[in-house]
Amino acid sequence: MLKAVVTDLDGTLTDARRRISTAAIETIRDLVDTGIPVVIASGNTICSLDILCKMIGTDGTIIGENGGVYRLHFDGQVHVAGRQSVCWDAYHRIEEHFAAEGKTLTLYSPDNRFADIAFARTVEPAEVAGVIAGMPVRAIDTGFAIHLQYQGISKGTALSDLALLMGLSPADFLAIGDSDNDTEMIDHAGIGATVDNATPGTKATADYVSEKRYGEGFVEIIRKYQKLFG
């Protein structure tokens, strides 16, 4: 039996233009109203996720910054798993590298982040990864931004820690995502699924790939496994 859902946001609950699916929202509300916790797991900041959770109607349990932070309920303690100082060291190396090519990087919400560093996807992610090779930091390409995260930290590790706070295990979760940064989360969960617009690597990790894309795919996945929630 499944007891909870953990889902990515961009590309899973939204379309390619980051417009959230109203059908996905209604489905999440149905789950919450029947007592099934829904955790939003994203590369976004805590403050961004707080607004989203309030408007959708979840209890504020989140995984943010690609696993770098997590929290149980709106009023819960924010747990910081990542090491942002190391990520800043990596970012400055990247910044210097691209400055030599005449390119300027654009940071995303640096004052609101506690664990990772995120910047605009205006340079090649593969080149970014090459610049910081040998550092204990990995470059995460979400398709919407490039994130720098401390090695070993992921949505999957955050799910394991958060599940304990919830009195559950990762095996109790249905995990849904679409990007390579969701693969660890999908692999850690009892059942992992992806929407059809997912990357090939993410699809290979999943137990099920929806026929539909984006938010409609999320709804399809919930309906497929609905009976496992009792």
Side-chain angles (χ1 to χ4, degrees), residues 3-15 17-84 87 106-120 140 142-150 153-168 170 173-179 181-182 184-185 189 214-215 218 222:
K3 298 178 181 179
V5 174
V6 58
T7 179
D8 172 55
L9 173 60
D10 289 314
T12 303
L13 301 180
T14 72
D15 62 17
R17 294 170 59 186
R18 302 187 76 178
R19 298 177 302 182
I20 195 164
S21 164
T22 54
I25 291 174
E26 291 296 333
T27 299
I28 290 174
R29 288 176 179 171
D30 287 344
L31 289 168
V32 171
D33 288 346
T34 55
I36 300 168
V38 177
V39 179
I40 305 296
S42 171
N44 279 291
T45 62
I46 292 174
C47 54
S48 296
L49 293 174
D50 278 350
I51 295 170
L52 178 75
C53 290
K54 286 182 182 295
M55 290 185 170
I56 290 178
T58 71
D59 67 1
T61 301
I62 55 170
I63 294 171
E65 300 183 37
N66 291 301
V69 297
Y70 58 91
R71 184 191 65 202
L72 178 64
H73 304 151
F74 283 113
D75 58 354
Q77 176 186 347
V78 174
H79 297 264
V80 180
R83 292 180 59 184
Q84 194 181 51
C87 295
T106 301
L107 285 165
Y108 284 158
S109 307
D111 295 335
N112 296 319
R113 293 184 175 276
F114 301 95
D116 78 350
I117 306 297
F119 53 96
I140 303 171
T142 66
F144 297 92
I146 298 173
H147 294 251
L148 302 178
Q149 183 58 270
Y150 187 63
I153 299 297
S154 70
K155 291 182 181 181
T157 58
L159 174 60
S160 295
D161 293 337
L162 182 60
L164 289 176
L165 296 178
M166 299 173 69
L168 302 172
F173 282 80
L174 166 62
I176 307 172
D178 77 301
S179 297
N181 63 320
D182 297 319
E184 293 96 339
M185 179 179 76
Y214 300 110
F218 171 84
I222 296 298

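Computed from a prediction, not measured in an experiment: that's the story for all the values here.
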So which atom in [X] and which in [Y] form the shortest heavy-atom distance, rounded to 0.1 Å?
X	Y	answer
Ala158	Ile63	CB-CG2, 3.7 Å
Ile153	Ala81	CD1-O, 3.5 Å
Arg71	Asp50	NH2-OD1, 2.6 Å
Val6	Ala41	CG2-CB, 3.9 Å
Gln84	Asp116	NE2-O, 3.1 Å
Ala175	Met185	CB-O, 3.8 Å

Does [Y] offer a backbone N or O that forms a donor-acceptor pair with the side chain of [X] under 3.5 Å?
X	Y	value
Glu65	Gly43	no
Ser154	Thr157	yes
Ser109	Asn112	no

With a 4.5 Å heavy-atom cut-off, do [X] and [Y] have their side chains touching?
X	Y	value
Val38	Ile56	no
Leu148	Phe119	yes
Phe218	Ile28	yes
His79	Val69	no
Gln149	Asn181	no
Asp10	Thr142	no

Problem - Pair Asp15 + Arg19: basic N to acidic O under 4.0 Å - result: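 Arg19 and Asp15: salt-bridged.
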Roughly how far, to the nearest 0.5 Å, is the [atom2] atom of [Y] from the [atom1] atom of [X]?
X	Y	atom1	atom2	value
Leu9	Thr7	CG	OG1	8.0 Å
Ser21	Glu26	OG	CD	9.5 Å
Tyr108	Thr45	OH	OG1	13.0 Å
Glu184	Leu159	CD	CG	11.5 Å
Asp182	Ile140	CG	CD1	10.0 Å

Handout entry: Asn44 versus Ser48, side-chain donor and acceptor atoms under 3.5 Å
Key =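 Absent: no donor and acceptor within the cut-off.
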Problem - From CA spacing to verdict: side-chain contact (heavy atoms from CB on, under 4.5 Å), Asp59, Val32 - result: CA-CA 9 Å; Asp59 67 1; Val32 171; over 6 Å; no
Exercise for the section: Using the side-chain contact (heavy atoms from CB on, under 4.5 Å) rule, take Ile176 and Ile222 through it: C-alpha gap first, then chi angles, then the decisive distance, then the call. Expected result: CA-CA 9 Å; Ile176 307 172; Ile222 296 298; 3.8 Å; yes
Exercise for the section: Show the numbers, then the answer: is there a side-chain contact (heavy atoms from CB on, under 4.5 Å) between Phe74 and Cys53? Expected result: CA-CA 9 Å; Phe74 283 113; Cys53 290; 3.6 Å; yes
Practice task
Decide side-chain contact (heavy atoms from CB on, under 4.5 Å) for Leu52 and Ile20; before the verdict, give the C-alpha distance in whole Å, the side-chain angles of both, and the deciding distance to 0.1 Å.
Solution key: CA-CA 10 Å; Leu52 178 75; Ile20 195 164; 3.7 Å; yes
Problem - Qualifying residue for side chain to side chain contact (heavy atoms under 4.5 Å, CB included) with Ile40, from Leu13, Thr61, Thr12, Asp8 - result: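 Running side chain to side chain contact (heavy atoms under 4.5 Å, CB included) over Leu13, Thr61, Thr12, Asp8 with Ile40 returns exactly one hit, Leu13.
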Exercise for the section: Apply salt bridge (Lys or Arg N to Asp or Glu O under 4.0 Å) to Asp30 and list each qualifying residue two or more places apart in sequence or on a separate chain. Expected result: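 Asp30 satisfies salt bridge (Lys or Arg N to Asp or Glu O under 4.0 Å) with no other residue.
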